Number of protein chains: 2
Amino acid sequence: MSSNLYLRDPQETELGRKILEVSIEMIDELGFEKFTFRKLAAKIESAEPSIYRYFENKHRLLVYLIAWYWNWLEYRIDFSTQNIAKPEKQLKIAIDVLTQKKEKDLLFPSIDEAALYRIVIAESDKTYLTKQVDDDNKEGLFLGFKSLCKKIAGYVRLVNPKYEFPHALVSTLMQMAHQQLFFSDHLPSLTEIGTTNENVYDMNRRFLTDMVFKTIDN
Amino acid sequence: MSSNLYLRDPQETELGRKILEVSIEMIDELGFEKFTFRKLAAKIESAEPSIYRYFENKHRLLVYLIAWYWNWLEYRIDFSTQNIAKPEKQLKIAIDVLTQKKEKDLLFPSIDEAALYRIVIAESDKTYLTKQVDDDNKEGLFLGFKSLCKKIAGYVRLVNPKYEFPHALVSTLMQMAHQQLFFSDHLPSLTEIGTTNENVYDMNRRFLTDMVFKTIDN
DNA sequence: TATTTTTGAAAGTAATACTATCATCACTAA
DNA sequence: TTAGTGATGATAGTATTACTTTCAAAAATA
């Protein structure tokens, strides 16, 4: 994780880990705009200034959580593809991991991955939809997303070296892996996903796998 | 336009039109979070409560502006496809209109379409990425987006009645028509668009036309 | 001219996003 | 053992935001 994401590394101290744990719970519950450091401090029985010693502001905390998620996903994709040689298979597995339902990873006891996944779906676009996006990008706050996009675009390039838009297609894939689930939950007329009795994760995987492979097939 | 979008119709009065005109200018310049009704009132030499008589809050004003944009686009697509019989051609034209650079439409003198387009690219997702999305949706605040999605999905269905995900594909298309431009501007490693000397609108159109037609081709 | 509607001016409120100051406590180094 | 350092928490304060209330004046309408 880029050290620009925090003032003091929250994984290193008891208080830091508590901040991560409870902020995930509270952002999931309240939504990002109603979540405040004051409420967080009250809930963990600490003080507002203590939290500001870890994160410059709540936007940075959100960026940290989303970056954590993308790092975690990249690690899972690396793990799942490690003994796979064929790029078609690697790409397929990457799409599987992207679209899978997310459950508790026992390696990280202070992170509730299921709640974090809901935050990613509902809030992650807010990390970059700001006027300071260019400054934040220069500081390397979005490396997690960009690195995973690059990796999967690499598989696309191996499947079809002639395809002209691997990064654009993969950023589309990564966005839609989450946005289609949001639509299915809240604006269901925008998607077929969730309208049959097939489970939403499987259907989303089928939709995206089909779209990606047909688009790059030659 | 759904009358739930406003308290008093802003198109009907001098002050209302001024609110639309100057809010577009200010949201474009400041970004949505730094834009306030107080600043708007100062700039148009009116008073804060006067603006609250037109829009419940600044979120509703943003939703109104984005809805206006989708209505305008649907009108332009209807106009451009009116004498076209072949659904392939209709779909192609819809993608063209979606991805076109947007310039002043003299029919609407108080709306700066180029500035509004930048707002759509940078801020439109914030209309629904809120905890009240379900209430807002019930009130019909997102009908503009949904109606256009339905129309274009209808073309998709005519091109290939067997394709399983027309709405999901079209919502993907509509989102990416804007998000790829944002990436090209601010996170260029996520897309090929803007990396050659081909103009971004043309390249985005090619990327999306290719993706959509390959995906639904049978 | 009378009346209703729309607007603007002024002030107020609760909450937010911080910041500053300071005492305390745990840990470490001499 | 003691002195010093760094992390924490308690308290309070500031500027700004997102509204709301009240009221008088101006404009539109009947």
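Bear in mind the structure is a predicted one, so any value in this text is a computation, not a measurement. Labels below follow one simple rule: chain letters A, B, ... track the order of the sequence lines, proteins then strands, and each chain is numbered from 1. Side chains are part of it too, since the values below use all heavy atoms of this structure and drop only hydrogens, waters and symmetry mates.
You'll find that the side chain of A/Thr13 is closest to D/dT8, out of C/dT19, D/dT8, C/dT6. Of all nucleotides listed (D/dT11, C/dA9, D/dT17), D/dT17 comes nearest to the side chain of B/Lys39. Among C/dT16, C/dC18, D/dT17, the nucleotide with an atom closest to any side-chain atom of A/Glu48 is C/dC18. The side chain of B/Arg53 has D/dT22 as its nearest neighbour among C/dA20, D/dT22, D/dG9.
The distance between atom CD1 of B/Ile44 and atom P of C/dA9, rounded to the nearest whole Å, is 11 Å. A straight line from CZ of A/Arg38 to P of C/dT19 spans 13 Å, rounded to a whole angstrom. Atom CG in A/Leu7 sits about 10 Å away from atom P in C/dT19, given to the nearest Å. For the pair B/Glu33 CD and D/dT16 P, the computed distance is 18 Å after rounding to whole Å. Computed from coordinates, the B/Glu12 CD to C/dT5 C1' distance equals 15 Å when rounded to whole Å. The NZ atom of A/Lys58 sits 8 Å away from the C1' atom of C/dT16 (whole-angstrom rounding). Between the CE atom of B/Met26 and the P atom of D/dT17 there is a distance of 11 Å, rounded to whole Å. Between A/Leu15 atom CG and C/dC25 atom P the separation is 17 Å, expressed in whole Å.
Using a 4.0 Å cut-off between charged nitrogen and carboxylate oxygen, A/Glu33 and A/Lys126 count as a salt-bridge pair. Using a cut-off of 4.0 Å between Lys/Arg side-chain N and Asp/Glu carboxylate O, A/Lys92 and A/Asp96 are scored as salt-bridged.
Surrounding CD of B/Glu14 are at most 12 heavy atoms belonging to other residues, nucleotides or ligands under 6.0 Å away.
Contact annotation for A/Phe55: no contact, since no heavy-atom pair falls under 4.0 Å across all strands. Contact annotation for B/Lys34: no contact, since no heavy-atom pair falls under 4.0 Å across all strands. Across all strands shown, B/Ser50 has heavy atoms under 4.0 Å from base atoms, whether or not it also approaches the sugar-phosphate. Residue contacts shown for B/Phe37 are absent, as no nucleic acid heavy atom lies under 4.0 Å away.
Contact annotation: B/Tyr52 side-chain N/O to D/dT21 OP1/OP2 distance is not under 4.0 Å. Contact between the side-chain N/O atoms of B/Ser46 and the OP1/OP2 oxygens of C/dG8 is found at a separation under 4.0 Å.
No donor-acceptor distance shorter than 3.5 angstrom exists from the side chain of A/Lys151 to the backbone of A/Glu74, with no hydrogens or angles considered.
On a pure distance criterion of 3.5 Å, no polar donor-acceptor pair joins the side chain of A/Arg8 and the base of D/dG6.
A/Tyr69 and A/Tyr117 have parallel rings, their planes meeting at less than 30° on a 0 to 90° scale where 60° marks the start of perpendicular.
Closest-nucleotide positions on DNA chain C for B/Glu14 and B/Pro49 were compared, and the one nearer the 5' end corresponds to B/Glu14.
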